[in-house]
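Throughout, a chain's letter reflects where its sequence line sits, starting with A, and its residues are numbered from 1. Keep in mind that this is a model prediction, so the values were computed, not measured.
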Amino acid sequence: MTPLLQVEDIAKYYGTRIGCTGVSFDLYPGEVMGIVGESGSGKSTLLNTLAGHLTPDRGAVRFDTRADGLRDTVTMSEPERRMLSRTDWAFVHQHARDGLRMNVSAGGNVGERLMAVGARHYGKIRATASDWLGRVEINEDRIDDRPASFSGGMQQRLQIARNLVTGPRLVFMDEPTGGLDVSVQARLLDLLRNLVREMGLSAIIVTHDLAVVRLLADRLMVMKDGHVVESGLTDQVLDDPQHGYTQLLVSSVLQV
Amino acid sequence: MTQIEQDKNAPDTVMSDYNFAYLDEQTKRMIRRAILKSLAIPGYQVPFASREMPMPYGWGTGGVQVSAAVLTPDDTLKVIDQGADDTTNAVSIRRFFEKTAGVAVTEATAEASIIQTRHRIPEAELREDQVLVYQVPIPEPLRFLEPSEVETRKMHELEEYGLMHVKLYEDIAQHGAIATAYAYPVKVEGRYVMDPSPIPKFDNPKLEMAAIQLFGAGREQRIYALPPYTQVVSLDFEDYPFEASKADHLCGLCGAEDSYLDELIVDDEGGRLFMCSDTDYCVARQAAGHRGSDAAPTLEGVA
């Protein structure tokens with residue numbers, strides 16, 4: 001089976017400081033990969049590098065494109081990469097404000113990606129937007145409201161709808177549940193899990209919340225100081241941590 | 001000696017202390033280069049080193065610089081503001097060029113070789129030997145959707161114009177129809193999305209014309225252009241097509257039914273008068289004997 005995403009020896013430096021280095025992995029279709037680690041461990045740098053927001057200093061990120069099979073997204077032309085990020089990729093930001101247009105209605109937010117890839121029929125765009133609002137549990141009568149009038153959890157769900165509307169195959173998520181209270185987090189996770197299963201999505205989820213990866217991720221990478229210190233199946237890593245840092249991380253979680 | 005005498009008697013309104021048409025020749029060359037480039041890439045915003053002009057930004061400094069760069073002593077200039085020849089902006093710019101260039105001026109659209117305009121395209125069809133210069137406040141059609149200049153340039157470069165339709169979507173979602181009534185975005189030759197300056201969308205179909213159209217934005221330092229007969233398509237949705245709308249009335253003065261109308265409040269009882277915004281068009285029609293329902297008998301003498 002061809003991997004959907006093939007990452008080979010990625011490195012990103014900020015001057016002489018290490019952002020992340022020596023990261024390699026394969027992600028297969030339908031697989032969810034979690035990346036955990038403390039603040040400053042390089043997980044967001046890694047995610048942004050993979051998603052094309054940062055240019056890596058070394059390495060290759062190959063994506064299985066629909067047309068030409070595996071292509072290195074680092075060396076492909078910018079229009080191609082931007083096209084990928086509007087169609088086959090999606091990026092869910094930690095803060096919904098970074099991923100939404102706050103002065104555009106919910107329907108317009110969801111419809112933007114459709115219009116960006118050429119949809120020009122208002123009725124159909126609106127019907128799709130309304131369908132997606134339903135799927136992320138936002139009442140359809142809120143379609144003309146601006147995200148500013150939404151709660152934090154709703155904004156995050158709207159951001160997810162906006163990203164998934166074009167049927168991407170790979171979703172990058174940067175702390176998707178950060179800053180939400182636990183009950184809202186639980187519902188969001190439930191929603192994400194259903195969508196991932198339903199659509200057969202592959203996802204890379206960066207988080208410092210071990211509960212999130214336990215629920216969503218099939219595989220786990222633990223990062224420290226820009227390096228991957230441990231990787232494996234999620235339950236394996238969490239239940240039998242081998243590396244000292246992973247042991248510390250797992251034991252730091254309060255058992256309620 | 002006689003020469004000097006003659007000069008003194010010659011139109012004393014022309015200021016001999018200034019170069020022809022105010023700008024120095026180097027500046028005109030710079031602007032002409034930008035104009036040529038903009039004609040070569042229709043709809044593309046060419047940056048230029050906009051100069052300080054003796055009028056505030058927002059009063060047509062971009063249009064004035066473009067006009068100054070294309071003016072020759074043989075030209076006949078017409079200046080309109082919202083279609084009218086007699087409003088402050090039009091009068092002051094016309095006087096400016098009368099003083100600094102000494103060119104002939106006119107109010108008749110057909111007689112002008114260069115027409116500088118703010119917010120309107122004249123009703124009369126323009127010819128191949130005419131140039132229409134627009135004053136543009138904000139040349140970037142994506143500006144109110146995307147504040148970053150770096151990002152909007154990238155969007156033009158990569159033809160990422162989905163965002164423009166988001167604005168039209170928002171219009172329909174809020175108002176049930178595309179409510180954008182002026183500065184209605186257009187796509188030029190299937191490539192660049194362009195802001196046609198704040199002309200009413202009624203004028204959009206006229207953008208495909210025989211005359212050269214130049215757009216100057218002084219504060220924003222951009223020039224763009226439409227060569228004659230360039231394809232210009234107003235953006236829309238399949239199920240909400242573009243409509244060139246105007247007030248559903250006849251001109252009260254000349255009875256025209258095909259011209260863009262201004263609404264004038266005439267008393268405190270809500271009385272109103274619709275009249276052509278293109279004053280030259282209206283006056284010419286009245287002179288030809290057309291009368292609207294509100295034309296006062298006293299107006300006949302004036303017309």
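Here the rule is ring-ring contact (aromatic ring centres under 6.0 Å, His included) with B:H156, and of B:Y44, B:Y224, B:Y161 only B:Y161 fits it. Screening B:N89, B:T117, B:T61 for a side-chain hydrogen bond (donor to acceptor under 3.5 Å, both in side chains) involving B:Q135 leaves a single residue, B:N89.
Pairs engaging residues 51-61 of chain A under the side-chain hydrogen bond (donor to acceptor under 3.5 Å, both in side chains) rule: A:D9-A:R58, A:T21-A:R58, A:N48-A:H53 [sequence neighbours left out].
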- [ ] List the steps and the verdict of side-chain contact (heavy atoms from CB on, under 4.5 Å) for A:L133 and A:V110.
- [x] CA-CA 8 Å; A:L133 290 183; A:V110 178; 4.1 Å; yes
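By number of non-hydrogen pairs under 4.5 angstrom with chain A, the leading residue of B:Q174, B:E157, B:H165 is B:H165. Of the residues considered (A:S105, A:G111, A:P79), A:S105 shows the highest number of contacts with chain B, using heavy-atom pairs under 4.5 Å.
Within 6.0 Å of CD in B:E52 there are 12 or fewer heavy atoms belonging to other residues, nucleotides or ligands. Around the CZ atom of B:F144, the shell of radius 6.0 Å holds no more than 12 heavy atoms that belong to other residues, nucleotides or ligands.
For the pair A:R81 and A:V74, the minimum side-chain heavy-atom distance is 4.5 Å or more. Considering only heavy atoms from C-beta on, B:D262 stays 4.5 Å or farther from B:C276 through its side chain.
In this structure, the portions of B:Y169 lying under 4.5 Å from any heavy atom of chain A include both its backbone and its side chain. Heavy-atom distances place both the backbone and the side chain of B:I172 under 4.5 Å from chain A. The contact between B:K154 and chain A is made entirely by side chain atoms (from C-beta outward), counting heavy-atom distances below 4.5 Å. Heavy atoms closer than 4.5 Å to chain A are found nowhere in B:L168, neither backbone nor side chain. Neither the backbone nor the side chain of A:R113 has a heavy atom closer than 4.5 Å to any heavy atom of chain B.
Taking the six-membered ring for Trp and thresholds of 30 and 60 degrees, B:Y260 and B:F202 have ring planes inclined between 30 and 60 degrees apart.
Below 4.5 Å, heavy atoms of chain B meet heavy atoms from A:M115, A:A116, A:R120, A:H121, A:Y122, A:G123, A:I125, all part of residues 114-125 of chain A.
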